[in-house]
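Accompanying notes for the structure given below.
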Number of protein chains: 2
Amino acid sequence: MSRPGGRTARVRAAVLAAAGDALIELGLPGLDLAGLARRAGVGKTTVYRRWGTVAAVLEDLVSDMVETSAPRADTGDLDDDLLANAGLVRSTLTDPRQGRLLTALICAAVDDAGTARALRRFYDARTAVWEPCVTDAVARGDLPADTDAAAVVRAVSAPLYHQLLTRGEQPGVADARRAALVAAAAARAGAFAAPVSAGARRTS
Amino acid sequence: MSRPGGRTARVRAAVLAAAGDALIELGLPGLDLAGLARRAGVGKTTVYRRWGTVAAVLEDLVSDMVETSAPRADTGDLDDDLLANAGLVRSTLTDPRQGRLLTALICAAVDDAGTARALRRFYDARTAVWEPCVTDAVARGDLPADTDAAAVVRAVSAPLYHQLLTRGEQPGVADARRAALVAAAAARAGAFAAPVSAGARRTS
DNA sequence: AGCCAAACGGAACCCCGGTCCCGTCACGGG
DNA sequence: CCCGTGACGGGACCGGGGTTCCGTTTGGCT
């Protein structure tokens with residue numbers, strides 16, 4: 001970081017852009033540092049020195065995403081807020097660039113601890129942004145006081161990711177709608193009571 | 001398939017076993033046909049001729065899993081049935097061999113249409129086995145008549161997969177319990193009304 | 001028991017991603 | 001405006017995965 005401006009920054013941008021393009025064209029298995037260097041018009045040695053592994057490049061990509069977080073909805077109604085969230089998640093997963101990047105990151109995170117941490121930070125940030133939708137609903141008296149806000153937010157995303165990853169189907173607007181309303185209904189029924197603290201371990 | 005017994009079968013078993021072992025040791029990125037041949041004590045040429053790609057080997061692995069499907073629960077109570085299902089899903093994902101295999105398959109399916117089809121068949125079969133838990137509840141009058149049974153079953157799995165894949169956390173028993181009760185509560189509230197038929201497209 | 005098609009296995013070959021070495025270039029301070 | 005440090009880039013080398021060819025083995029079938 002001693003020379004953040006100028007050529008170094010250009011190289012970084014070129015490589016990250018090339019990585020995004022290659023991800024769409026070839027998918028994660030087609031990514032290799034030599035190919036990235038070619039695409040980026042950059043010396044092969046440079047890529048190996050600065051990143052060293054494909055996972056590190058992806059980790060760098062997701063770092064950028066953490067900083068650009070869209071604002072949450074604030075409609076004053078839980079259903080509408082969660083519908084907005086579900087719509088955002090659906091748009092992200094459906095978008096060719098963002099969707100491919102996220103699925104690639106999920107796959108990479110399975111085998112690389114660094115990527116897993118970066119991805120987790122990203123999702124934690126995203127979740128934190130939307131949590132107020134739930135805590136506001138609690139404050140309004142629409143939900144039980146001991147509702148686990150983060151869990152509700154994650155419950156909106158889960159079915160959409162599940163559909164994409166296990167069924168190979170792009171989630172549609174109807175799917176997003178159902179995901180939001182299911183989470184809201186369960187929350188009102190008190191099914192998200194109390195945070196879970198025991199019984200979870202991090203993956204090897 | 002003209003010679004299903006004898007040497008051919010032994011080779012197939014050896015390679016599939018080697019693939020399972022390698023998946024645990026090295027993860028999906030570490031799999032390559034040459035390495036599988038070495039591990040299996042089999043000619044490299046044979047592996048390339050019979051399968052040709054890593055994805056094809058995984059597809060073959062999942063085909064075996066489709067046939068061995070555990071029986072569904074039938075307790076006469078929706079909550080208990082879904083709790084049993086959630087427990088099964090949790091056990092599967094937590095089990096080193098099964099869990100790694102499933103995550104690897106999901107990753108492979110992202111970039112390979114054949115693997116995606118095989119994986120989809122697997123999940124469709126699993127879902128079909130557990131659907132009666134929901135339809136029985138409908139028949140008992142515990143759920144609305146237009147409840148989408150398959151969606152409810154999938155809703156139980158979704159949060160557990162989501163937690164494993166996006167947060168790198170093994171789902172615990174408390175997570176499984178919550179997943180089941182959330183799905184049940186939402187179903188009772190009528191949030192799973194009517195099958196979704198529009199707005200979904202298969203991935204490229 | 002013997003035949004033959006089909007599958008297996010060894011070995012050489014090619015290709016290319018990963019590594020190393022060293023010369024060159026540009027940013028930023030003095 | 002110049003100088004030094006640190007990053008970039010080219011090129012050669014190495015290892016191993018993927019492909020091909022051909023000889024060998026096997027197991028079903030008559």
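In what follows, every chain begins at residue 1, and chains take the letters A, B, ... in the order their sequences are listed.
- Contact annotation for B:Arg12: no contact, since no heavy-atom pair falls under 4.0 Å across all strands.
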Using atom types as modelled, flag every donor-acceptor pair under 3.5 Å from a side chain in residues 46-63 of chain B to any protein atom, sequence neighbours excluded.
{"residue": "B:Trp51", "atom": "NE1", "partner": "B:Asp60", "partner atom": "OD2", "Å": "2.9"}
{"residue": "B:Thr53", "atom": "OG1", "partner": "B:Ala56", "partner atom": "N", "Å": "3.1"}
{"residue": "B:Asp60", "atom": "OD1", "partner": "B:Arg12", "partner atom": "NH1", "Å": "2.4"}
{"residue": "B:Asp60", "atom": "OD2", "partner": "B:Arg12", "partner atom": "NH1", "Å": "3.0"}
{"residue": "B:Ser63", "atom": "OG", "partner": "B:Glu59", "partner atom": "O", "Å": "2.9"}

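- For the pair B:Arg178 (side chain) and A:Ala193 (backbone), a donor-acceptor distance under 3.5 Å is present.
- Evaluation of the ring-ring contact (aromatic ring centres under 6.0 Å, His included) rule for B:Phe122 yields no partner, not counting sequence neighbours.
- In this structure, the side chain of A:Asp112 does not engage the main chain of A:Ala109 through any donor-acceptor pair within 3.5 Å.
- Put simply, the side chain of B:Thr147 never gets that close to the backbone of B:Ala149: no donor and acceptor are under 3.5 Å apart.
- Regarding A:Leu33, its CG atom lies at a distance of 5 Å from the P atom of C:dG18, rounded to whole Å.
- Rounded to 10°, the helix from C:dA1-D:dT30 to C:dG30-D:dC1 has 30° between the axis fitted to its first five pairs and the one fitted to its last five.
- Screening residues 15-44 of chain B for side chain to side chain donor-acceptor pair (under 3.5 Å) gives B:Asp21-B:Arg97, B:Glu25-B:Arg39 as the qualifying pairs, with residues at least two apart or on separate chains.
- Out of C:dA7, C:dG17, C:dC21, the shortest distance to the side chain of A:Thr45 is found at C:dC21.
- Note: CZ (A:Arg7) to C1' (D:dA7) measures 6 Å, nearest angstrom.
- One N or O on the side chain of A:Asp81 and one on the backbone of A:Thr75 form a donor-acceptor pair closer than 3.5 Å.
- The ring pair (Phe, Tyr, Trp, His ring centres under 6.0 Å) contacts involving residues 153-173 of chain B comprise A:Tyr161-B:His162, A:His162-B:Tyr161, B:Tyr123-B:Tyr161, where partners must be two or more places apart or lie in separate chains.
- Under 4.0 angstrom from either OP1 or OP2 of C:dC25 there lies no side-chain N or O belonging to A:Arg10.
- Distance A:Lys44 NZ to D:dG11 P: 12 Å, rounded to the nearest Å.
- What separates CG of A:Leu26 from P of C:dC16 is a distance of 14 Å, to the nearest Å.
- The CG-P distance, from B:Asp32 to C:dG18, rounds to 13 Å in whole Å.
- Taking a 4.0 Å limit (strictly below) on heavy-atom distances, residues 48-61 of chain A reaches DNA chain D at A:Arg49, A:Arg50.
- Although no hydrogens or angles enter the test, the distance criterion places no donor-acceptor pair under 3.5 Å between the side chain of A:Thr166 and the main chain of A:Gln163.
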